[in-house]
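Below is one structure; the comments refer to it alone.
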There are 2 protein chains.
Amino acid sequence: MSISSRFSVAIHILCLLAINEEKATNTSEYLAGSVNTNPVVIRKVMSMLKGAGLVHVRAGVAGAELAKTLAEITLLDVYKAVNVVAENDLFSSHEHPNPECIVGRNIQQSLTKQFSAAQKAMEHSLEIVTLADVVQDILADNV
Amino acid sequence: MSISSRFSVAIHILCLLAINEEKATNTSEYLAGSVNTNPVVIRKVMSMLKGAGLVHVRAGVAGAELAKTLAEITLLDVYKAVNVVAENDLFSSHEHPNPECIVGRNIQQSLTKQFSAAQKAMEHSLEIVTLADVVQDILADNV
DNA sequence: GTTACATGTAACAAAACAAATTACAGGTCG
DNA sequence: CGACCTGTAATTTGTTTTGTTACATGTAAC
C-alpha cells in the first residue's frame, strides 16, 4: 500500500501557512477548505507538526504560523513529524520463517540490511528538498 | 503502511530455489514450510515471478527452478515482478485539493515530482543488490 | 463572567487492503 | 486411471486509513 496522505496534507498546510500571510485566517476550517478534507484531520496533522516544532498553534486562538523559515524545513522533517513510516518499517517481512531451514534462519538479517538501505535512500531524497523548493513550484502557478 | 511482505516472500523463495538443488522437492508446500505461510500464497507469488521470467514452473509438475543465475537477478527485478508498489505510487496524495486556492491548484505537480524522485532513489538502492548478495549472507549462517 | 469561536482529542464508522484459507479446475506422469 | 501437483477464483479475517461526530478545553472581546 501507499504511504499515508497525511504526509502530503502536512506539506500542503505548511506551504499554505507560508503563502497566506494573514495568520488569523489560517484556521483548521479554512485549511480544510484548501486541502479538501475534514477540519479534524487538519487539527490532527497540525498537532503532530506542533510536536515536531514546525508550527506554532495555541488552543483556543485562531490561526497557526510556521515556527521556522521555509528553507529550514526539509521534506524529511515533515515526513518524520507526521510519522508516516516507522524506522526500518517501509518494507514488511513475512514473520516467523522456519528456523530449521538455513534460509528461514538467516534471511531476516539480510532483508533487514537491504530494506533499511533502500528506505534510507528514499529518506535522503526527501532530505535534500525544502519547503522553499515546493513553494517556488507552487508560486510559478503554471496552470 | 508498509510495502507488502509478498516482496520478502518472493526473495525467500528465490534464495531457497538456488540453495536447494533438488528441483523436485521445491513444491509450493515445501516452500510454504520454510516461509511459514500457506501454499496458495506461494503459488500466487510464484505465478508473478513466472510472469516476469524469473522462474520456471509448470502446471502439474512438482518443483520450480530459477530461470536466471542469482547474480542476474536484482532485488528491483523481484520488486517489480511481485508488483508491490505501482509506478509513482509509493506516496499517496490527498485528492481533489481546492483549485480556487493557489496552493491547491499547484501542489500536486510539485508533490508528484518530489515523491517520484524519492521513490526512484529507493528503487535504485534495490537495483544495486542481487540475489547472489543475499544468498551470500544466508550461507554465512552466523546464528 | 459570559458569549462566540477556536483548538485538542477521544471514540466510532466506513472503506480499502493484505494475508490466510477453502474449494476446485486442470495439468503431468507413472 | 489415480496420485499429486500447479493455477486461480472466492471468501474470510484482521488491520489500517480516512472521515466524522461529539465534546472538553482554551482565548479574547464585550
Side-chain angles (χ1 to χ4, degrees), chain A residues 1-10 12-13 17 22-33 35-52 54-65 67 82-86 89-97, chain B residues 1-10 12-13 17 22-33 35-52 54-65 67 82-86 89-97:
Chain A
M1 199 207 255
S2 300
I3 291 171
S4 169
S5 65
R6 199 161 63 235
F7 183 30
S8 71
V9 169
H12 188 136
I13 293 172
L17 293 187
E22 287 198 44
K23 181 194 164 199
T25 66
N26 291 325
T27 64
S28 62
E29 188 148 2
Y30 172 78
L31 297 172
V35 172
N36 187 29
T37 185
N38 193 289
V40 176
V41 172
I42 301 292
R43 294 205 286 272
K44 260 188 273 195
V45 171
M46 199 68 84
S47 172
M48 302 181 97
L49 295 176
K50 180 184 181 181
L54 299 183
V55 296
H56 289 142
V57 205
R58 284 169 54 208
V61 47
E65 57 185 345
V82 296
N83 199 30
V84 280
V85 180
D89 202 38
L90 176 60
F91 297 88
S92 60
S93 289
H94 53 295
E95 295 183 341
H96 310 304
Chain B
M1 198 203 258
S2 301
I3 291 171
S4 170
S5 64
R6 196 161 65 235
F7 183 30
S8 70
V9 169
H12 188 136
I13 293 172
L17 293 186
E22 287 199 43
K23 180 193 163 199
T25 66
N26 291 324
T27 64
S28 61
E29 189 148 2
Y30 171 78
L31 296 172
V35 172
N36 187 29
T37 185
N38 193 287
V40 176
V41 172
I42 301 292
R43 294 204 287 271
K44 258 188 275 194
V45 171
M46 199 68 83
S47 172
M48 302 180 98
L49 295 176
K50 181 184 181 181
L54 301 183
V55 296
H56 289 142
V57 205
R58 284 171 53 209
V61 49
E65 57 185 346
V82 296
N83 199 31
V84 279
V85 180
D89 202 37
L90 176 59
F91 297 88
S92 60
S93 289
H94 53 295
E95 294 184 340
H96 311 303

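Fair warning: this is a prediction, and the values are worked out from it, not measured in the lab.
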Report task. Could I get the full list of side chain to side chain contact (heavy atoms under 4.5 Å, CB included) partners for A/His96, not counting sequence neighbours? Result -> B/Asn36
Query raised in the report: Nearest-Å distance, CZ (B/Arg6) to P (C/dA18)?
Result: 7 Å
Report task. Walk me through it: do A/Ile3 and A/Leu90 pass the test side chain to side chain contact (heavy atoms under 4.5 Å, CB included)? Result -> CA-CA 9 Å; A/Ile3 291 171; A/Leu90 176 60; 4.1 Å; yes
Requested in this report: Mark up nucleotides 20-30 of chain C, 5' to 3', with B wherever a protein heavy atom is under 4.0 angstrom from a base atom, S wherever such an atom reaches only the sugar-phosphate, and - elsewhere.
Outcome: BBBB---BSS-
Distance-only donor-acceptor pairs under 3.5 Å for side chains of residues 39-49 of chain B, two or more places apart:
{"from": "B/Arg43", "atom 1": "NH1", "to": "B/Ser28", "atom 2": "OG", "distance (Å)": "3.0"}

Query raised in the report: Measuring from B/Arg6:CZ to B/Thr37:OG1, what's the distance to the nearest 0.5 Å?
Result: 12.0 Å
Query raised in the report: Taking only residues two or more places apart in sequence or in another chain, which ones pass side chain to side chain contact (heavy atoms under 4.5 Å, CB included) with A/Ser92?
Result: B/Ser2, B/Ser5
Report task. Please report how far the helix from C/dG1-D/dC30 to C/dG30-D/dC1 bends, comparing the axis fitted to its first five pairs with the axis fitted to its last five, to the nearest 10 degrees. Result -> 10°
Query raised in the report: Rounded to the nearest 0.5 Å, how far apart are OG of A/Ser4 and CZ of B/Phe91?
Result: 11.5 Å
Query raised in the report: Looking only at heavy atoms, what is the nearest atom pair of A/Ala64 and A/Leu17, with distance?
Result: O-CD2, 3.7 Å
Query raised in the report: Which atoms form the tightest heavy-atom contact between A/Val82 and A/Ala10, and what is the distance?
Result: CG1-CB, 3.6 Å
Query raised in the report: For DNA chain D, which nucleotides open and close the run of contacts to chain B, 5' to 3', at under 4.0 angstrom from a non-hydrogen atom?
Result: D/dC5 to D/dT17
Requested in this report: Using a cut-off of 6.0 Å, state whether more than 12 heavy atoms not belonging to A/Glu65 lie near its atom CD.
Outcome: yes
